[in-house]
Amino acid sequence: MRRLFLIAVIAGCAAAQLPAQLLQLRITGLDGLAAKAKESTDITLDSNLLKMAGGFLAGAGKDGKDGDTIKQLLSGLKAITVRSFEFKEPGQYRLEDLEPIRVQLRTPGWSKIISSQSKDEISEIYTRMEQGKVAGFAIINAEPKELTVVAIEGSIDLKDLSKLGGLGIPSISVPGQSKDSGKKGKQE
Amino acid sequence: MNLEDELRAALRRDNPSPGFAERVVARAQSSARPARAIPRMMWAAAIAALLVIGFSTAYEYREMKAERASRDAVVALRIAADKLNIARERVLRRETPADTREN
């Protein structure tokens with residue numbers, strides 16, 4: 001009887017976890033593009049690495065507007081995945097390559113909040129809400145010579161994120177940070 | 001007693017008292033103990049040194065991993081922010097008529 005109760009509790013916990021796992025976006029189908037790209041960025045950070053990163057940034061004591069925003073953003077995140085490719089010439093990837101990602105984003109739970117599509121440019125932003133809060137966030141940005149997919153799990157304030165601005169002006173200095181940091185790198 | 005008798009008495013062969021051999025062995029063993037204590041101390045020092053090296057290496061590795069993770073997190077968030085702003089800008093550009101933009 002006790003064993004049955006234990007099995008029921010474990011099954012209940014597993015069932016509760018299942019929808020969240022199913023809704024978690026997996027960036028697949030883009031692995032072959034890195035070889036064709038002039039420059040590629042491959043970043044995968046799970047909750048443990050994000051905690052370490054948050055702790056490191058807090059310990060570094062680098063204050064400032066962007067530093068505080070980054071620390072605040074990181075505190076609510078569970079995972080970040082970025083795949084970005086920059087090509088020498090157009091036509092190095094097909095829009096069909098994005099289909100495995102888009103299929104996941106069409107499932108219930110995800111909703112497209114921004115979509116801009118021109119002849120050769122696509123920008124799409126999706127969010128996943130849980131109890132009235134953003135629990136997931138995805139960006140697809142396709143240009144003739146550039147393709148970027150970002151998947152973020154966890155609560156994130158898009159207003160705070162947009163305040164971070166461009167890549168060119170990093171006002172938070174991480175010890176040992178270089179201009180090309182993150183390029184061709186992967187966290188495991 | 002003359003000198004000769006005294007010498008003879010002093011140098012006469014005599015059997016040791018009972019338990020002499022055991023006492024000698026016991027004394028020899030007890031005197032060997034301090035010599036064994038030195039290698040033990042060396043072992044303890046070596047283990048302590050290894051532990052210190054191990055812990056400091058693990059700490060350094062963790063710090064290095066955290067530094068790399070923070071660098072990647074900053075880059076990832078900046079890419080996300082950049083692409084978010086691009087998408088918003090495109091939508092705004094599309095929604096704003098050309099003549100309004102020029103003014």
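Below, read A as the first sequence line, B as the second, and so on, with proteins coming before strands; counting in each chain starts at 1.
In the hydrophobic clustering of ILVMFWY residues, with side-chain heavy atoms under 4.5 Å counting as a link, B/Val75 and B/Met64 come out apart. No single ILVMFWY cluster, assembled from side-chain heavy atoms under 4.5 Å apart, contains both A/Val103 and A/Tyr93. B/Trp43 is not connected to B/Leu51 by any chain of hydrophobic side-chain contacts under 4.5 Å among Ile, Leu, Val, Met, Phe, Trp and Tyr, and they are in different clusters.
Chain A forms more heavy-atom pairs under 4.5 Å with one residue of B/Ile86, B/Val91, B/Leu84 than with any other, namely B/Leu84. Ranked by heavy-atom pairs under 4.5 Å with chain B, the first of A/Val150, A/Ile125, A/Ile80 is A/Ile125.
Salt bridge annotation for A/Glu143-B/Arg90: present, with a cationic side-chain nitrogen under 4.0 angstrom from a carboxylate oxygen.
Once rounded to the nearest 0.5 Å, the distance linking CZ of B/Arg71 with CG of A/Leu57 reads 11.0 Å. Considering CD1 of A/Ile43 and CD1 of B/Ile79, their distance stands at 5.0 Å, rounded to 0.5 Å.
Contact of the B/Leu77 side chain with the A/Leu74 side chain is registered, since non-hydrogen atoms from C-beta on lie closer than 4.5 Å.
When the options A/Val149, A/Thr148, A/Val82 are evaluated for a side-chain contact (heavy atoms from CB on, under 4.5 Å) with B/Lys83, the one that passes is A/Thr148. For the pairing with B/Arg88, the side chain to side chain donor-acceptor pair (under 3.5 Å) check across A/Ser123, A/Ser116, A/Ser162 returns one residue only, A/Ser162.
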Open item on the list: Apply side chain to side chain contact (heavy atoms under 4.5 Å, CB included) to residues B/Arg68 and A/Leu49 and explain how you reach the verdict.
Closed with: CA-CA 9 Å; B/Arg68 195 180 162 187; A/Leu49 285 169; over 6 Å; no

